[in-house]
Amino acid sequence: MARQYPISKIRNIGIMAHIDAGKTTVSERILFYSGKTHKMGEVHDGGATMDWMEQERERGITITSAATSTEWRGHSISLIDTPGHVDFTVEVERSLRVLDGAIALFCAVAGVQPQSEKVWHQSERYSVPKIAFVNKMDRIGADFFTVVKEITEEFQANAVPVVIPIGQEENFAGIIDLIHMKAVFYDETSFGQYFHEEDIPENMLEEANQWRANLVEKCAEQDDTLLEKFLEGQDLSVDEILGILRKATIARRVVPVYCGSAFKNKGIQRVLDGVINLLPAPNEIPPIICATDETGEKRREPKDDEPFSALAFKIMADKHMGKLTYIRIYSGTLGSGTAVLNSTRDKNQRVGRILRMHANRQEGLDEAHAGDIVAIVGLSDTKTGDTICDKDHPIHLEAIEFPAPVISISIQPETQSDSEKLGEALMRLADEDPTFVVNYDHETSETIISGMGELHLEIIVDRIKREFNVKAQVGRPEVAYRETATRQVEGAYKHVKQSGGRGQYGHVVLTLQPLDPGAGFEFVNKIVGGRIPSEYIPSVEKGIIKAMTSGPFAGYPVVDMRVELIDGSYHDVDSSDFAFQEAGRAGFKELFLKTNPELLEPVMSVEAVTPEDFMGPVSSSICQRRGRIESMDSVKGNKLVRGMVPLGEMFGYSNTLRTLTQGRASFSMHFEHYEAVPFALAEQIVKKRREENKVR
């Protein structure tokens, strides 16, 4: 079946921003103005199309990235609305991995906020070209040019306004299009669906000419021929500006900046024009290259006649369809019923149905092509980050890296009948969300669930109760502590057991050495002369890794360690894989306690925005939580307090902050690194942990 749109007329874009910058409202306007919906949903009344989960509508925030598609000026646009809350950063990460371009949204009042920085850096990691949209120009304190300056300074980006506002705050009336040099006003009776262009108002002509000159200069800098024309005093044509602006945007040398008010229905159509004119089609991004050991490089051009390759970037459970696997097709075509290879897991699978998604609604397709983002029914063994490809032309695409969870709670079914349902619910939710991890603690006989923050786990528990109808009890939050060594030690351990028949013998000599934070685990085999047969070396390493998962100091995972196997001995009859595994495990545990082990805790980067009147109480509240203040700045009449605070001290901080500031302050935090727990506190934590384990 022929594709509906040529690949050059496809745009795969996402909307990314700090929480409450207006991403979902912008998405709703895009769908309305492009004719995909006939009524604009609003976030505040729970009617937004893209916020379809009950939890999203109740809280007024986006929790899961929602995909949809629409049409604008003869182009097909696949749009992903991503969450802004730091707890759901996985949704942004996996979306940016498969998108060709993005709209970076900024609040005209707050400017560049903490999560704005995080998502911007995520997009840079995947080399995603961007256009910027400064939203909420109608709000008190809105300042377009200050936000442009912040984008330039904070991200070292070449931010170039392509429109400027006509008025601001309650006087925001429309925009001036600097490319076409026209004033654009929107018809409020049609919810901004209709607009008209007219000459630039006399009182703004000088300012418009200045910013037009800035635009022309920035464009001319990108091309020697145009630069020569500019230096000769000639103006650039609309086609010349759009042509060079497109090249520079795709090359990430320029970030075009738009402005408007999504809630007041102004400025969105120009952003849609920017998506079409300036962001890349799938065939304008570099081909997928996979390095292999045997054949060098494998390349996949974004063409329909290439072998099929795709990346699974999201898993979702649908109560009617079952498991949906969202994929981005990088090359080739895919038909329903096709047999494909999951090269990540080396499993053959069969594609059931192919669906084009519109939030939580679907449209069936017979075939999908290079550049498409679709959902597949039938890929039961596929996980997030897996490569799906033609079984005759295997390829491995770069997987998606996800951050490790930083907070844990225990969860138990209330009744025996809920036990099986809870297990199924946890398995399905862990399938959907790679930052949600489920473990069973054999020492305490508890199921432990871990996530990125309090809100993340709160949503998970809420979904377990509502979607899966499971009654469950939740334990108190637990911090994901770690253990590490502080000094090098060397020692031997001999595992010897005799029980009448064949015995067990494994003897190892180990050196344990601390590594720099974040270095991970290194195992070095220094055995010479066959002191331990080579087939037993992996068993020693396996035993050490097993011991590190539940450290001997307090039962937390051991990190940043180098273990050298330097000597040992074996018995011709009694030595075995199991014996050397036990020698490695017990030897590590015994030696680790001699390294002066210390406890590590996750430390969060915290940013609190507060009115100046409450600056003292907010700063004190951070210090009282073992935090250290990094900086204090003024931001549009408010104070911004930046600090580093241990996660264990941040539980319930949102309620404390509301109480201290009469509900006028807000804060955000994200994981920064691990630090050593103060000695006195570490003793308390270890003692309490050991007592709990004894009771259980």
Side-chain angles (χ1 to χ4, degrees), residues 15 17 20-51 57 60 62 68 70-73 77 79 81 103 105-110 131-148 161-205 207-208 211 256-277:
I15 302 180
D20 202 33
K23 295 179 298 300
T24 302
T25 305
V26 169
S27 299
E28 293 298 318
R29 270 48 179 184
I30 287 174
L31 296 177
F32 178 70
Y33 297 139
S34 61
K36 186 73 177 184
T37 59
H38 302 291
K39 178 180 179 294
M40 282 188 286
E42 300 293 358
V43 174
H44 60 267
D45 61 17
T49 305
M50 302 295 271
D51 284 351
R57 294 184 170 180
T62 301
T68 189
T70 189
E71 191 268 353
W72 185 255
R73 284 175 36 201
I77 300 175
L79 174 70
D81 174 26
I103 301 171
L105 210 62
F106 299 92
C107 172
V109 180
I131 60 176
F133 179 62
V134 180
N135 191 26
K136 303 190 179 184
M137 284 301 304
D138 59 308
R139 295 276 292 274
I140 294 173
D143 189 334
F144 173 71
F145 299 108
T146 295
V147 178
V148 172
V162 291
V163 306
I164 60 172
I166 300 174
Q168 58 190 33
E169 301 181 342
E170 70 272 11
N171 297 318
F172 178 60
I175 60 172
I176 292 174
D177 183 335
L178 298 174
I179 297 175
H180 299 89
M181 285 303 278
K182 289 289 182 183
V184 185
F185 297 95
Y186 295 84
D187 175 22
E188 296 193 13
T189 60
S190 66
F191 300 102
Q193 189 168 8
Y194 302 109
F195 57 88
H196 67 278
E197 297 178 355
E198 55 184 68
D199 292 336
I200 297 169
E202 197 68 37
N203 64 333
M204 290 200 67
L205 195 54
E207 185 181 17
W211 284 104
V257 187
Y258 294 80
C259 70
S261 167
F263 186 62
K264 291 295 178 69
N265 310 309
K266 295 172 182 173
I268 302 299
Q269 290 93 330
R270 280 303 194 271
V271 177
L272 275 167
D273 289 341
V275 168
I276 302 305
N277 293 332

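Pairing each heavy atom of A183 with each of D199, the nearest pair is CB-O, 3.8 Å. A pairwise comparison of heavy atoms in A208 and I164 identifies CA-CD1, 4.0 Å as the closest pair. Contact between G192 and Q269 at its shortest, heavy atoms only, is O-NE2, 2.7 Å. Residue V147 comes nearest to A108 through the heavy atom pair CG2-O, 3.7 Å, listed as atom of the first residue, atom of the second, then distance. Listed here is the closest heavy atom pair of S261 and F133: N-CZ, 4.3 Å. Considering every non-hydrogen atom in both C259 and V163, the closest pair reads N-CG2, 3.4 Å.
You'll find the side chain of R29 reaches within 4.5 Å of the side chain of N265, heavy atoms only. Looking only at side-chain heavy atoms (C-beta outward), I15 and T24 stay at 4.5 Å or farther from each other. A heavy-atom distance below 4.5 Å is found between the side chains of V257 and V134. Inter-residue side-chain proximity for K136 and F263 is flagged as unmet; no heavy-atom pair is nearer than 4.5 Å. Side chains of L272 and I276 form no contact here, defined as non-hydrogen atoms less than 4.5 Å apart. With contacts defined as side-chain heavy-atom distances shorter than 4.5 Å, the pair I131/I103 qualifies.
Interatomic distance, CD1 of I166 versus CG of N171, reported as 12.0 Å (0.5 Å rounding). For the atom pair CG (D177) and CZ (R270), the distance works out to 4.5 Å, reported to the nearest 0.5 Å. Taken to the nearest 0.5 Å, the CD1 atom of I176 stands 12.0 Å off from the NZ atom of K182. Put simply, CG on D273 and CD1 on I268 are 11.5 Å apart, with the number rounded to the nearest 0.5 Å. Atoms OG1 and CD1, on T70 and I30 in that order, are 8.5 Å from each other to the nearest 0.5 Å.
When atom types are taken as modelled, the side chain of N135 and the backbone of L105 share no donor-acceptor pair closer than 3.5 angstrom. At least one donor-acceptor pair closer than 3.5 Å links the side chain of E169 to the backbone N or O of G141.
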List the steps, then state whether side chain to side chain contact (heavy atoms under 4.5 Å, CB included) holds for E202 with L205.
CA-CA 5 Å; E202 197 68 37; L205 195 54; 4.2 Å; yes

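Between W211 and F144, the distance separating the two ring centers is not shorter than 6.0 angstrom. Taking the six-membered ring for Trp and the full ring otherwise, F195 and Y186 have centroids separated by under 6.0 Å.
In this structure, F185 places its CZ atom where more than 12 heavy-atom neighbours from other residues, nucleotides or ligands lie under 6.0 Å away.
Remark: E188 engages K266 in a salt bridge, criterion side-chain N to carboxylate O under 4.0 Å.
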